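Notes for the one structure printed next.
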Amino acid sequence: MTAFVTRFAPSPTGYLHLGHAASAFHVWDAARRAGGRVLLRIEDIDPGRCKPEYTEAIFEDLAWLGFEWDGPVRIQSKHFQDYERVVGHLTALGLTYRCFLSRSDIADEQAAAGVPPGTPFTGSALPADAEAERLDRGDAFAWRLSLEKCRDYLGPAYDQLSFELITQPGEHQTIKARPDIHGDINLTRKDSPTAYHVASTHDDALQGITHVIRGEDLKDAAHIHVLLQALMDWPQPVYTHHPLVMGPDGKRLAKRFASQSLASLREDGLSPDDVRRLAGV
């Protein structure tokens with residue numbers, strides 16, 4: 001039987017809150033039941049929002065909750081070359097293109113074309129002379145993955161992509177993957193040599209992750225991750241999506257809503273058991 005290896009992978013863009021604690025409990029509880037291992041990964045690829053003090057606070061909060069992890073912590077910002085090689089490989093296969101559009105540019109173009117808001121973006125490379133002019137000007141761009149090129153490259157295998165989802169302990173369900181719900185994803189950012197989907201799937205493969213356990217807010221990520229795994233010939237983990245912790249207003253807790261941090265809960269005298277109870281895990 002394959003050993004159970006999972007990970008907890010917070011992004012240090014703020015202090016951990018109750019929702020993060022709930023996710024950590026789900027991860028470590030699952031590993032304990034399976035007699036498996038938990039790896040800790042810091043997904044700090046956003047240079048504008050990620051801060052060292054938030055990373056240090058993650059270590060402190062997890063230690064206070066009583067969590068221990070196996071092996072060294074992987075700090076993604078120290079491994080940008082790994083992710084650049086992935087993008088380079090996909091580019092060598094002819095599956096990528098440079099995209100100079102911002103989100104607002106895309107929204108404006110879709111609105112002008114009568115495309116409903118929120119429609120996944122698909123595009124293509126600029127004509128060679130136009131692209132050369134933009135590059136000569138030093139215009140910023142991001143590499144995007146072309147779903148059309150991926151479909152041609154994989155052939156019938158594209159429509160056969162699927163992943164295993166654990167709906168509850170002991171129950172598995174095979175889900176047909178629908179990469180099209182994401183459109184042509186960014187493989188890089190204009191301010192970073194990698195984007196979330198590349199770094200996450202690369203590290204899952206590198207670290208031998210067999211089970212990905214994350215919140216329902218990321219449940220759609222698996223649809224594009226299995227495509228990257230197929231293109232890169234990476235192993236495919238099993239996925240579990242746990243419920244989110246909701247605030248008093250009925251919305252999920254998130255750092256951007258200034259949710260109360262674990263540090264503040266600790267300062268208020270709450271114990272790790274209190275946090276588990278409040279998280280509903």
Side-chain angles (χ1 to χ4, degrees), residues 1-43 54-55 57-71 73-74 76 163-173 175 196 199-201 203-204 207-223 225-226 236-248 250-257 259-263 265-266 270-281:
M1 181 178 177
T2 303
F4 183 109
V5 183
T6 188
R7 78 309 197 265
F8 184 63
S11 180
T13 57
Y15 295 107
L16 298 189
H17 54 60
L18 194 60
H20 297 105
S23 184
F25 282 121
H26 281 290
V27 167
W28 265 275
D29 286 352
R32 186 179 64 253
R33 289 193 299 267
R37 303 165 59 220
V38 178
L39 308 182
L40 179 60
R41 179 192 307 163
I42 302 298
E43 298 193 338
Y54 295 147
T55 297
I58 288 171
F59 299 147
E60 185 177 346
D61 288 340
L62 293 179
W64 173 63
L65 290 173
F67 295 128
E68 297 180 354
W69 48 89
D70 295 278
V73 179
R74 182 168 175 88
Q76 288 189 332
F163 57 92
E164 292 299 309
L165 178 68
I166 298 178
T167 53
Q168 55 184 332
E171 293 189 13
H172 288 231
Q173 185 178 0
I175 305 296
Y196 164 72
S200 179
T201 52
D203 287 357
D204 284 344
Q207 296 182 293
I209 302 301
T210 62
H211 291 71
V212 172
I213 302 165
R214 55 194 176 199
E216 289 181 341
D217 55 326
L218 289 172
K219 65 182 179 181
D220 287 341
H223 291 275
H225 288 185
V226 297
Q236 187 183 112
V238 177
Y239 293 90
T240 300
H241 302 125
H242 61 75
L244 303 178
V245 178
M246 310 305 288
K251 298 179 180 179
R252 73 180 181 90
L253 295 178
K255 286 169 286 192
R256 64 178 177 274
F257 296 134
S259 303
Q260 193 171 7
S261 69
L262 295 183
L265 294 177
R266 183 163 64 249
L270 274 69
S271 69
D273 287 340
D274 293 329
V275 172
R276 177 185 279 272
R277 185 177 65 256
L278 289 172
V281 181

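Given the structure is predicted, the values throughout are model-derived calculations rather than measurements.
- Taking the side chain as every heavy atom from C-beta outward, P10 and I42 approach each other to under 4.5 Å.
- Here CG of L270 is found 14.5 Å from CZ of R276. Values are rounded to the nearest 0.5 Å.
- If you take OG1 on T6 and NE2 on H211, they are separated by 8.0 Å, rounding to the nearest 0.5 Å.
- Checking side-chain atoms of W28 against main-chain N and O of W69 turns up no donor-acceptor pair under 3.5 Å.
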side-chain contact (heavy atoms from CB on, under 4.5 Å), that's the test. Do Y239 and I175 meet it? Break it down for me.
CA-CA 10 Å; Y239 293 90; I175 305 296; over 6 Å; no

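- Between R7 and S200 there is a side-chain heavy-atom pair separated by less than 4.5 Å.
- Using a 4.5 Å cut-off on side-chain heavy atoms (C-beta onward), R74 and L39 make no contact.
- From D61, atom CG reaches atom NE2 of H20 across 10.0 Å, with rounding to the nearest 0.5 Å.
- Scanning all heavy atoms of the two residues, the minimum distance from V38 to A31 falls at CG2-CB, 3.4 Å.
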Check the pair T55 / V73 against side-chain contact (heavy atoms from CB on, under 4.5 Å), numbers first and verdict last.
CA-CA 11 Å; T55 297; V73 179; over 6 Å; no

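- The distance from the NE2 atom of H225 to the CG atom of D204 is 8.0 Å, given to the nearest 0.5 Å.
- Smallest separation of non-hydrogen atoms from Y54 and G14: CD1-N, 3.3 Å.
- For the atom pair L244 CG and R214 CZ, the distance stands at 12.5 Å (nearest 0.5 Å).
- Taking the six-membered ring where tryptophan is involved, the planes of F67 and F25 are perpendicular, since the angle between them exceeds 60° and thus also 30°.
- Residues R32 and D29 are paired through a salt bridge, judged by an N-O separation under 4.0 Å between the basic side chain and the carboxylate.
- Here the closest heavy-atom approach between residue P237 and residue V212 is recorded as CG-CG2, 3.7 Å.
- Listed here is the closest heavy atom pair of Q236 and V226: NE2-CG1, 3.6 Å.
- Of all non-hydrogen atoms in L218 and H241, the two that sit nearest each other are O-NE2, 4.2 Å.
- Nearest heavy-atom pair, S23 versus H242, reported as atom, atom and distance to 0.1 Å: OG-NE2, 3.1 Å.
- Note that the CG atom of L62 and the CZ atom of F8 stand 5.5 Å from one another [nearest 0.5 Å].
- A heavy-atom distance below 4.5 Å is found between the side chains of V275 and L18.
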Between D274 and R277, is a salt bridge (Lys or Arg N to Asp or Glu O under 4.0 Å) present by the stated rule, with each step listed?
CA-CA 5 Å; D274 293 329; R277 185 177 65 256; 3.0 Å; yes

Can you list the steps and then say if R41 with Q207 is a side-chain hydrogen bond (donor to acceptor under 3.5 Å, both in side chains)?
CA-CA 10 Å; R41 179 192 307 163; Q207 296 182 293; 2.9 Å; yes

